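As structure tokens, the structure follows; a few thoughts come after it.
Just so we're clear, the structure is a prediction, and the values are computed from it rather than from any experiment.
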Amino acid sequence: QQQVKQSPQSLIVQKGGISIINCAYENTAFDYFPWYQQFPGKGPALLIAIRPDVSEKKEGRFTISFNKSAKQFSLHIMDSQPGDSATYFCAAGRGSARQLTFGSGTQLTVLP
Amino acid sequence: EAGVTQSPTHLIKTRGQQATLRCSPISGHTSVYWYQQALGLGLQFLLWYDEGEERNRGNFPPRFSGRQFPNYSSELNVNALELEDSALYLCASSSYRGLGTEAFFGQGTRLTVV
């Protein structure tokens with residue numbers, strides 16, 4: 001019940017296109033859903049996060065869509081840029097337990 | 001403000017040896033988390049420390065252990081190293097206030113077991 005499933009494993013998008021990464025979770029106790037961006041040789045950096053009381057959160061070109069009933073959430077990157085090429089991880093957390101359960105990651109490549 | 005710092009950046013050990021990894025959290029953060037990221041895989045939760053106490057641990061054998069010091073820095077020890085322990089070990093810190101406070105990661109320690 002702790003698993004977070006992420007898809008696709010890899011994604012190639014043209015510059016200016018929309019990148020969409022999906023995650024699904026099982027544990028309904030999760031109440032915090034962040035996305036992390038990781039460049040090679042670096043630690044993951046928090047990109048954007050959402051709580052289940054809202055269905056969408058937007059920060060610049062990055063949007064999280066959250067569907068509580070389906071237990072799914074997704075990251076949309078609008079106007080994708082080559083600099084967005086990185087590995088993206090979704091995660092889910094429970095306030096009482098604190099630690100995050102991560103998805104397996106999506107390697108995004110944005111072609112110039 | 002300094003971020004989460006980890007040392008060393010790289011560590012090469014021989015199978016059977018012990019490895020010690022260190023982490024300094026962001027100033028004001030009391031919680032420290034350790035994750036293992038094997039090559040090409042996601043992050044697996046190892047340990048969570050808060051206020052000097054181990055609060056939770058992931059599905060790893062007891063030879064993975066650690067501690068948190070009074071200044072909230074932390075140490076991860078891996079005993080009897082095995083080849084499959086080779087991975088990037090990431091430390092994250094957060095401020096234990098309320099629910100779902102953001103966790104910030106360090107650059108990681110790349111452990112190679114030969």
Side-chain angles (χ1 to χ4, degrees), chain A residues 1-10 21-25 27 29-54 57 59 62 64 66 73 86-107, chain B residues 3-7 9-10 21 23-26 29-51 53-60 66 68 74 87-110:
Chain A
Q1 266 209 322
Q2 295 295 321
Q3 194 175 14
V4 176
K5 295 181 180 180
Q6 184 172 346
S7 63
Q9 186 175 13
S10 63
I21 305 171
N22 301 299
C23 283
Y25 63 97
N27 190 343
F30 286 140
D31 57 10
Y32 175 64
F33 303 90
W35 284 89
Y36 284 83
Q37 179 189 57
Q38 186 178 30
F39 293 104
K42 304 290 187 182
L46 178 65
L47 197 58
I48 186 172
I50 197 169
R51 299 182 193 281
D53 53 345
V54 296
K57 182 175 181 180
E59 289 185 3
F62 301 92
I64 299 180
F66 185 81
F73 58 110
T87 300
Y88 292 81
F89 292 95
C90 63
R94 291 186 292 135
S96 59
R98 303 299 295 175
Q99 77 271 9
L100 297 170
T101 300
F102 282 83
S104 55
T106 296
Q107 187 167 351
Chain B
V4 177
T5 57
Q6 292 185 244
S7 62
T9 306
H10 294 87
L21 290 63
C23 171
S24 293
I26 291 172
H29 286 187
T30 62
S31 279
V32 170
Y33 311 83
W34 288 95
Y35 289 85
Q36 181 195 65
Q37 186 177 24
L39 189 62
L41 300 178
L43 286 74
Q44 302 297 317
F45 168 70
L46 267 166
L47 290 159
W48 166 34
Y49 292 94
D50 183 73
E51 297 285 357
E53 300 285 332
E54 181 181 303
R55 301 296 183 179
N56 204 0
R57 66 179 293 130
N59 188 24
F60 281 84
Q68 186 178 34
S74 177
L88 180 67
Y89 288 83
L90 292 160
C91 171
S93 74
S94 72
S95 175
Y96 190 40
R97 295 178 193 149
L99 303 177
T101 307
E102 292 85 350
F104 297 90
F105 283 84
Q107 302 280 59
T109 292
R110 172 72 64 185

Tell me, yes or no, whether the heavy-atom count around [X] atom [atom1], taken from other residues, nucleotides or ligands under 6.0 Å, exceeds 12.
| X | atom1 | result |
| --- | --- | --- |
| Gln107(A) | CD | no |
| Asn59(B) | CG | no |
| Glu59(A) | CD | yes |

**Complete:** Whatever's closer than 4.5 Å to a heavy atom in chain A on Gln6(B) counts as neither

**Prompt:** By a 4.5 Å heavy-atom criterion (distance strictly below it), what part of Leu43(B) contacts chain A: side chain, backbone, both, or neither?
**Reply:** both

**Message:** Heavy-atom cut-off 4.5 Å, strictly under: side chain, backbone, both or neither for Pro34(A) against chain B?
**Reply:** neither

With a 4.5 Å heavy-atom cut-off, do [X] and [Y] have their side chains touching?
| X | Y | answer |
| --- | --- | --- |
| Phe102(A) | Phe45(B) | no |
| Leu100(A) | Tyr33(B) | no |
| Gln38(A) | Leu88(B) | yes |

**side-chain contact (heavy atoms from CB on, under 4.5 Å) involving Ser24(B) - partner list, sequence neighbours excluded** = Thr5(B), Ser73(B)

**Prompt:** With sequence neighbours left out, what residues match Phe39(A) under ring pair (Phe, Tyr, Trp, His ring centres under 6.0 Å)?
**Reply:** none

**Message:** Restricting to non-hydrogen atoms, name the atom on Gly43(A) and the atom on Leu90(B) that form the minimum distance, rounded to 0.1 Å.
**Reply:** CA-CD2, 3.9 Å

**Message:** Are Tyr36(A) and Phe105(B), when compared by the centres of their aromatic rings, separated by less than 6.0 Å?
**Reply:** yes

